[in-house]
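Only one structure is covered here, and it is reproduced in the block below.
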Amino acid sequence: MAAGISDKVTILGMGCSKFGERWNENAENLMLEAFTEALEDSGIGKDQIEAAWFSTAIEEQHVGKSGLPLSMALRLPYIPVTRVENYCASGSEAFRGAVYAVASGACDIALALGVEKLKDTGYGGLPQRSRGSVNDQFWANASAPGSFAQLASAYQAKHGIPPEDIKRAMAHISVKSHDNGSKNPKAHLRNKIDIDRVLKAPIIAEPLGLFDCCGVSDGAACAVVTTPEIARSLGKTDLITVKALQLSVSNGMEAQHNSWDGSYFMTTRKASERAYKEAGISNPREQISLIEVHDCFSVTELVTMEDLYISPEGGAVKDVLDGFYDSTGELPCQIDGGLKCFGHPIGASGLRMIYEMYLQMQGRAGERQRDDNPVFGLTHNLGGFPHQNVCSVTIIGKEGA
Amino acid sequence: MSIGIQSFGGYIPRLRLDRGSIASAHAWFNPGLKGLGAGERAMANWDEDSITMAVEAARDCLGAASIDLGGIYMGSTTMPFQDRQNAGIVAQALLLGKNLLTLDITGSQRAGTSALIAACQVVMGGRKPILVAAAEKRRARAASIIEMTTGDAGAAVLVGEGDGVAKLLGSHSTAVDFIDHYRGQDQVYDYTWEERWVRDEGYMKLVPEACEAVLKKANIAAHDIKAFCFPAAMRRVANTLAKKMDIPEEAIRDNLQLKCGEAGAAHGLVMLVHALEDSSCGDIILVTGFGQGCDALLFQVTDAITHFNPVNGISGHLLMGRNETNYNRYLAHNEMIEMERGLRAEMDKQTGMTTLYRNKDMIMSAVGGKCSECGTVQFPKAGVCVNPNCGAVNAQEDYRFVGARAQLNSYTADRLTYSPDPPAYYGMVQFDEGGRVMTDITDVDPEIGLEVGMPMKLTFRIKDYDTRRGFRRYYWKATPDKKSNGE
């Protein structure tokens with residue numbers, strides 16, 4: 001039985017560009033912006049990086065395929081660069097690649113960098129694109145909001161919760177993320193909103209309104225990882241280590257077998273169970289200090305609270321409305337504004353979540369810093385649709401915790 | 001040898017455009033159209049065409065029966081493809097096998113009745129049963145008379161050996177190059193000549209000629225006719241013809257002008273099917289088709305009529321309409337106004353012919369798989385069984401979902417994704433016997449909407465238009481099952 005990843009790899013440095021509508025920057029500029037911060041934070045030279053993992057999802061809209069765009073943008077010294085794509089969970093995949101490389105002993109210092117340039121499509125939301133030659137001929141004419149919106153109809157039917165209560169909990173989630181984002185200088189959206197405005201917003205895909213949906217952004221984020229020993233040899237103390245790295249990928253059961261009811265994420269349950277085991281966490285509601293989840297839509301965040309075993313099944317609405325996940329609540333969720341307000345440059349998002357945890361653990365999160373000495377941070381990065389998706393759950397925390 | 005109609009069915013799109021809405025939109029230009037403004041015209045949804053209507057009419061006709069067919073003849077002047085056999089698409093959608101003679105019969109408003117005559121003659125020669133499916137979705141210039149009088153619909157008739165529900169007594173065709181209207185190659189709209197001439201020199205002279213010929217052949221007296229199907233929209237012509245030919249006035253069948261409109265090449269069969277639905281044993285039915293000559297067919301209803309009903313029939317479909325008062329929607333669906341469809345509509349919808357051919361049973365016929373080891377039904381058919389407790393490899397048999405009962409597990413109404421008729425409805429549709437699919441949902445009444453648990457069924461529709469290449473993709477979409485919903 002494998003011992004898992006816990007405490008084998010530490011984060012040496014991280015960086016994140018400002019997210020948003022970066023009209024005047026190419027993807028390469030955004031990569032450099034994130035990388036410059038990470039390199040400075042890690043205190044190493046570029047030539048000490050031995051391998052890199054590069055995540056971007058919709059490469060045809062900006063940099064094109066392969067590891068080349070990263071290597072060329074940063075002028076990396078002919079090291080291995082692997083380009084990874086796993087829908088919106090791509091950023092976590094880059095991180096996993098770099099962490100595994102270090103854990104295996106194949107290299108001492110590795111880089112994970114994710115970027116996405118989504119504001120060159122001419123319209124809001126994700127670009128319309130082919131899903132494959134066969135899929136295009138039978139998949140529903142679905143958008144991301146329409147796919148995730150269905151969680152609400154199924155969740156409502158399963159738990160018998162009135163639609164108004166769900167709508168209100170979803171609105172609370174969005175208001176909370178805007179409050180949090182307003183304190184984050186790198187966030188795409190920094191305006192505060194109120195419940196009334198959320199509830200009155202135009203419908204995008206029933207029952208999701210405009211403020212139930214995250215936008216899409218331009219941005220990059222990156223991490224430099226190494227072993228705790230090397231980090232200490234470089235003079236680092238109070239290390240932030242990787243506690244768990246789990247990924248679960250649908251096998252068609254949800255989409256094609258009648259045992260799934262459409263109200264939850266099968267993959268999130270599997271990945272989080274394994275992640276808690278890997279990190280040695282037995283009571284996540286008590287032990288986890290902060291969570292960053294894939295709040296592409298408010299309803300995703302709502303049901304994810306249950307799939308991460310933090311709220312009881314059917315109990316997320318109550319926890320959300322009680323303020324349990326607010327920045328001042330027992331377990332803040334999206335303290336940086338989340339996808340909703342920090343922004344969602346796909347390939348960077350998983351790394352951005354880890355970046356926030358890393359800052360919070362070190363007390364470097366500025367105005368939005370959680371003051372109760374966070375120990376474990378969990379990030380949840382999802383890609384695809386509720387009925388077929390990839391889900392990454394990462395836990396980082398203080399070394400030895 | 002006797003031959004007859006073995007079964008019959010029809011299809012009328014759910015949307016019924018209020019003619020008053022057309023007339024009032026054009027009143028500034030041609031106030032005279034108000035005189036034609038009564039009632040409704042059937043209006044195909046954006047995802048319906050002559051092929052989808054022919055498929056639905058054929059399903060209505062065949063029901064769950066499995067028939068060893070000899071051929072499928074499709075009659076229409078609005079075939080979606082000029083060179084890709086349209087009847088072949090109908091055959092594939094219905095999964096009727098490949099040992100068929102499929103024919104597109106077109107080029108005249110009597111294509112439907114001519115297809116029926118041709119089928120009768122072939123069956124008479126000792127061949128297997130032939131399915132005749134006719135459908136029409138004509139385009140008409142804004143503020144034209146045919147915009148007011150036509151409608152979209154389809155009908156299907158199965159002809160086979162034996163008397164069936166209506167025995168063929170005889171048929172007659174004349175070929176006369178009388179041009180009441182025409183539509184040249186590459187023309188979208190019809191060009192019509194003066195109505196009075198069409199009536200006096202066309203209908204009044206050519207129809208009696210053909211009808212009298214068939215009556216004489218069959219040795220039937222005109223006054224014994226119980227149902228006279230004359231599929232033209234022009235008022236009082238059927239009455240004048242009946243009087244002229246000594247057909248009793250009460251035999252004149254309703255041309256469905258108030259509820260459906262005249263469905264072009266399909267209308268003769270639409271009226272025939274409707275007449276059969278109302279008929280009793282012994283009734284004699286005369287059905288005509290007019291267009292560069294005239295077709296006339298004579299049938300006598302048998303006592304088998306008491307044992308056959310189409311699934312819905314024309315009568316059923318007449319009751320399933322949804323009144324549409326927005327003429328702009330009709331204009332948009334018929335590409336008569338240039339809508340701003342947005343950047344999302346620009347996506348290339350090219351279809352790989354290899355992909356489509358390899359997956360034709362799945363895409364065109366809704367065939368999935370049933371695991372021969374655990375019995376789990378699944379869509380699509382796959383190499384490995386989806387049942388987590390099975391996982392059998394290469395053990396699936398074909399399983400067809402068309403006609404299967406289903407219900408809705410989750411849904412949305414999406415205003416972001418591009419749809420020609422927003423919002424786009426889709427959701428997880430789960431079949432009672434197993435299998436599920438996240439699929440587009442069509443013909444949703446917005447004021448009723450959808451709900452989890454709603455009964456659903458499959459219907460053959462257009463999935464996407466490839467406007468750049470003139471191709472269209474078909475697929476089986478879900479639609480609320482109104483019958484199971486208690487409508």
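Below, chains carry the letters A, B, ... as their sequence lines are ordered, and counting in each starts from 1.
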Q: Check each atom of Y425(B) against the heavy atoms of chain A and say whether the ones under 4.5 Å are side chain, backbone, both or neither.
A: neither
Q) For the candidates R473(B), M362(B), R344(B), K477(B), which exhibits the highest count of non-hydrogen atom pairs separated by less than 4.5 Å from chain A? A) R344(B)
Q: Can you see which heavy atom on T355(B) is nearest to which on S133(A), and at what distance?
A: OG1-OG, 2.6 Å
Q.
When you compare the side chain of R415(B) with that of I204(A), does any pair of heavy atoms fall below 4.5 Å?
A. no
**Q.** Rounded distance [0.5 Å steps], CD in Q430(B) versus CD in Q256(A)
**A.** 12.5 Å
Q) What part of L356(B) lies closer than 4.5 angstrom to a heavy atom of chain A: side chain, backbone, both or neither? A) both
Q.
Quick one, K349(B) and D136(A) - any side-chain contact, counting heavy atoms below 4.5 Å?
A. no
**Q.** Toward chain B, the part of L126(A) with a non-hydrogen atom under 4.5 Å
**A.** backbone
Q: To the nearest 0.5 angstrom, please state how far the CH2 atom of W260(A) sits from the OG atom of S410(B).
A: 6.5 Å
Q. Side chain of K463(B), backbone of W139(A): donor and acceptor closer than 3.5 Å?
A. yes
Q: Return yes if some donor-acceptor pair links the side-chain N/O of R129(A) with the main-chain N/O of M347(B) below 3.5 Å, else return no.
A: no
**Q.** Which atoms of S263(A) approach chain B - backbone, side chain, both or neither, heavy atom under 4.5 Å
**A.** neither
Q: Would you indicate whether the side-chain heavy atoms of N359(B) and Q137(A) approach each other to under 4.5 Å?
A: no
Q) Got a sec: does the CD of E21(A) have more than 12 other heavy atoms crowding it under 6.0 Å? A) yes
**Q.** Proximity breakdown for L416(B) and chain A, heavy-atom pairs closer than 4.5 Å
**A.** both
**Q.** Heavy-atom pair count under 4.5 Å with chain B, highest-scoring of D261(A), L151(A), N251(A), N258(A)
**A.** N258(A)
Q) Given the options V452(B), L408(B), V384(B), D348(B), which has more heavy-atom pairs under 4.5 Å with chain A than any of the others? A) V452(B)
Q: Considering only heavy atoms and a distance below 4.5 Å, find which of G449(B), A382(B), P388(B), G368(B) pairs most often with chain A.
A: P388(B)
Q: Could you tell me whether K370(B) atom NZ has more than 12 heavy atoms of other residues or ligands within 6.0 Å of it?
A: no
Q. CG of L450(B) to CD of Q150(A): how many Å apart, nearest 0.5 Å?
A. 10.0 Å
(Q) Rounded at 0.5 Å granularity, tell me how far CG in N409(B) sits from NE2 in H387(A). (A) 12.0 Å
(Q) Out of E346(B), M438(B), Q350(B), return the one with the most heavy atom pairs under 4.5 angstrom to chain A. (A) M438(B)
Q) For the atom pair OG (S153(A)) and CD (E451(B)), what is the distance rounded to the nearest 0.5 Å? A) 11.0 Å
(Q) Angle between ring planes, F379(B) versus F138(A), binned at 30° and 60°: parallel, tilted or perpendicular? (A) perpendicular
Q) Where does A142(A) contact chain B at under 4.5 Å (heavy atoms): side chain, backbone, both or neither? A) both
**Q.** Pairs of heavy atoms under 4.5 Å with chain A: top-ranked of A424(B), G352(B), P423(B), G435(B)
**A.** G435(B)
(Q) At a heavy-atom distance under 4.5 Å, which candidate from A149(A), A255(A), P145(A), G262(A) has the highest pair count against chain B? (A) A255(A)
**Q.** Within 6.0 angstrom of K270(A) NZ, more than 12 heavy atoms from elsewhere
**A.** no
Q.
Checking side chain to side chain donor-acceptor pair (under 3.5 Å) between N141(A) and each of D464(B), T417(B), D440(B), T439(B), which is the one that passes?
A. T417(B)
(Q) Tell me if the CD atom of E340(B) is crowded by more than 12 foreign heavy atoms within 6.0 Å. (A) no
Q. So which heavy atom on A140(A) is nearest to which on Y426(B), and how close?
A. CB-CB, 3.9 Å
